[in-house]
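Below: one structure, written as structure tokens.
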Number of protein chains: 2
Amino acid sequence: MRSSDLPEVRDLQLFRSMSEERFAELMQAAYLQTFPAQLDLITEGDSADFLYVVVEGCVELYACWNERQATMGMVHPIGTFILAAVIKDAPFLMSARTLDKSKILLIPAEDVRHVFEADSDFARAIISELADCYRGMVKEHKDLKLRSAVERLANRLLGFEKEQGGTGELVLPYDKRKLASMLGMTPENLSRALNTLRPYGVDVDNNVVRLNDMAAVKTLAKPTALIDDKDT
Amino acid sequence: MRSSDLPEVRDLQLFRSMSEERFAELMQAAYLQTFPAQLDLITEGDSADFLYVVVEGCVELYACWNERQATMGMVHPIGTFILAAVIKDAPFLMSARTLDKSKILLIPAEDVRHVFEADSDFARAIISELADCYRGMVKEHKDLKLRSAVERLANRLLGFEKEQGGTGELVLPYDKRKLASMLGMTPENLSRALNTLRPYGVDVDNNVVRLNDMAAVKTLAKPTALIDDKDT
DNA sequence: CGTACCATTGATCACTATCAAGCTACGTGG
DNA sequence: CCACGTAGCTTGATAGTGATCAATGGTACG
């Protein structure tokens, strides 16, 4: 791998402030690989051999316990996952699988740890990334702990609508089945929750949702920056 | 504040690897203050002026939304909180209040950010701390998303029993009311959940719990390092 | 054209929250 | 020392929320 192959990766917040040499050192041992959809990349409990960077496609993070399974998050280009496990050299707490055919960069964990010991700019970038991950997880936790299923759904719809341009219309970015798991409910329940929202001007046509009465949805959803904003 | 005043703080993982000068620099502007019980220290949404270190006592982290409230975690000596907000210079996602009378060290956020820019050892220590916080939150989230209330309770009891010496007996470290909120349920429900566990050899006497049949509880609780272990 | 998978709906059940009442322990003030 | 109020815990009754099971219809893909 040469660094020139991946300007988008070089441009990641995480790598932007590194020196060219360090970046080259990291990339030298890295693999860029294309995986088919629905392929298991890592399994929780395994040890962290690589840092993963999603370059194309989409990766689902999920967790299992006692035959149950829950989606913990989605990773889109350009994003990394399992940074914390790599840093701590600790077992993964989550599993990951491709959702679509995906191009993924694998950076040996050893090298990441080595470079972060040597390059304090990289160390600072990691801090920023980890702090973001932490705050994201806190928000997810608040969402689940403080809201009902319908409230979570309404807020998520508002979020999708905003990030898709604020046209009052949105496309569900995943299967309803996946979406349900993300929201911490069953597919049947998601179906009913969408019906519950119809009186609030929410019209569903397959994976297209129209929000005809944003005010009503917001009154129900009560979105707040401290849970629903990606940044802040 | 002089650094010699607080050997325990100096011994924190977070500060251990700093040079004496850097540590002195941090401590110079810091306040060590004693607060009464039930005092609000920070409110979610506020901006991060200080990094907090609990030296004595106990602090509850909690979050609110739409008149609802949930305990997000507890901080015991010697532990820090809201590190991520300080680093990112972002608003708090959680509120904090003292549970008991508590001695707390307040380090100006400005200084923390300054020192972490200058001292790469400190930066690395922050990485380790943040990674721990992140992984802790992932575990909390898995716990809530994958388990029922009784399962969460059973696992928590096993955790308390282990950290209190593994004698088969444990003292509930908080009010049942708080414990319920930590576990994501109502006090009434906690009461009933404890009754549900009686057939599994769980005897409750006020805040003392005896586990007379560890095997039975474990069969129900199915504890796993990937959710229930503090380390790993 | 059939198979497989997803989404929806209905019926039912399990779990959790809410509301109300009563109990106990504790601290205060008479 | 006792009466009282307060707060925390428990229990019962009930309602609400979400999960499970089963059946159906639609759609994509081979």
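Every chain is numbered from 1, with letters handed out A, B, ... down the list of sequences.
The stretch residues 57-75 of chain B does not touch DNA chain C, since none of its heavy atoms comes less than 4.0 Å from the strand. A heavy atom lying under 4.0 Å from DNA chain D marks the following residues of residues 175-182 of chain B, by number: B:D175, B:K176, B:R177.
Counting only heavy atoms from C-beta outward, the side chains of B:V204 and B:V208 never approach each other to under 4.5 Å. You'll find the side chain of A:F81 stays beyond 4.5 Å of the side chain of A:V53, heavy atoms only.
The side-chain hydrogen bond (donor to acceptor under 3.5 Å, both in side chains) search around B:E169 returns B:R210, not counting sequence neighbours. Qualifying ring-ring contact (aromatic ring centres under 6.0 Å, His included) partners for B:F35, counting only residues two or more places apart in sequence or in other chains: none. Residues satisfying the salt bridge (charged side-chain N to carboxylate O under 4.0 Å, His left out) test with A:R97, not counting sequence neighbours, are A:E60. Residues passing the side-chain hydrogen bond (donor to acceptor under 3.5 Å, both in side chains) test with B:S128 are A:K88, sequence neighbours excluded. Qualifying salt bridge (charged side-chain N to carboxylate O under 4.0 Å, His left out) partners for B:K145, counting only residues two or more places apart in sequence or in other chains: none.
Summarising the geometry, the separation between CG on B:D205 and P on C:dA25 is reported as 11 Å, rounded to the nearest angstrom. The separation between A:D203 atom CG and C:dT8 atom P is 13 Å, rounded to whole Å. The distance between atom CG of B:N207 and atom P of D:dT10, rounded to the nearest whole Å, is 11 Å. Going from atom CG of A:L190 over to atom P of D:dA19 covers 11 Å, rounded to whole Å.
Applying the ring-ring contact (aromatic ring centres under 6.0 Å, His included) rule to pairs touching residues 208-232 of chain A yields nothing, sequence neighbours excluded. Under the salt bridge (Lys or Arg N to Asp or Glu O under 4.0 Å) criterion, the residue pairs touching residues 32-54 of chain B are A:K142-B:E44, with sequence neighbours excluded.
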- Item | Base versus backbone protein contacts along nucleotides 23-30 of chain D [heavy-atom cut-off under 4.0 Å; B, S, -] | --------

- What string of B, S and - do you get for nucleotides 9-22 of chain C, 5' to 3', if B is base contact, S is sugar-phosphate-only contact and - is no contact with any protein heavy atom under 4.0 Å? BBB----SBBB---

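Note on B:E163 versus B:K230: salt bridge recorded, some NZ/NE/NH1/NH2 to OD/OE distance being below 4.0 Å.
Here the rule is side chain to side chain contact (heavy atoms under 4.5 Å, CB included) with A:L153, and of A:L158, A:L183, A:N189, A:V202 only A:L183 fits it. Considering B:R147, B:K222, B:R156 in turn, B:R147 is the only one that fulfils the salt bridge (charged side-chain N to carboxylate O under 4.0 Å, His left out) rule with B:D228.
Taking both residues in full, the closest heavy atoms of A:C58 and A:S102 are given as N-OG, 3.1 Å, listed atom of the first, atom of the second, then distance. The shortest heavy-atom contact between B:L146 and A:C64 is CD1-C, 3.8 Å.
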- Trace of the salt bridge (charged side-chain N to carboxylate O under 4.0 Å, His left out) decision for A:E151 with B:R68: CA-CA 13 Å; A:E151 288 164 346; B:R68 281 164 245 177; 2.8 Å; yes

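Within the helix from C:dC1-D:dG30 to C:dG30-D:dC1, the inter-axis angle between the opening and closing five-pair segments is 30°, rounded to 10°.
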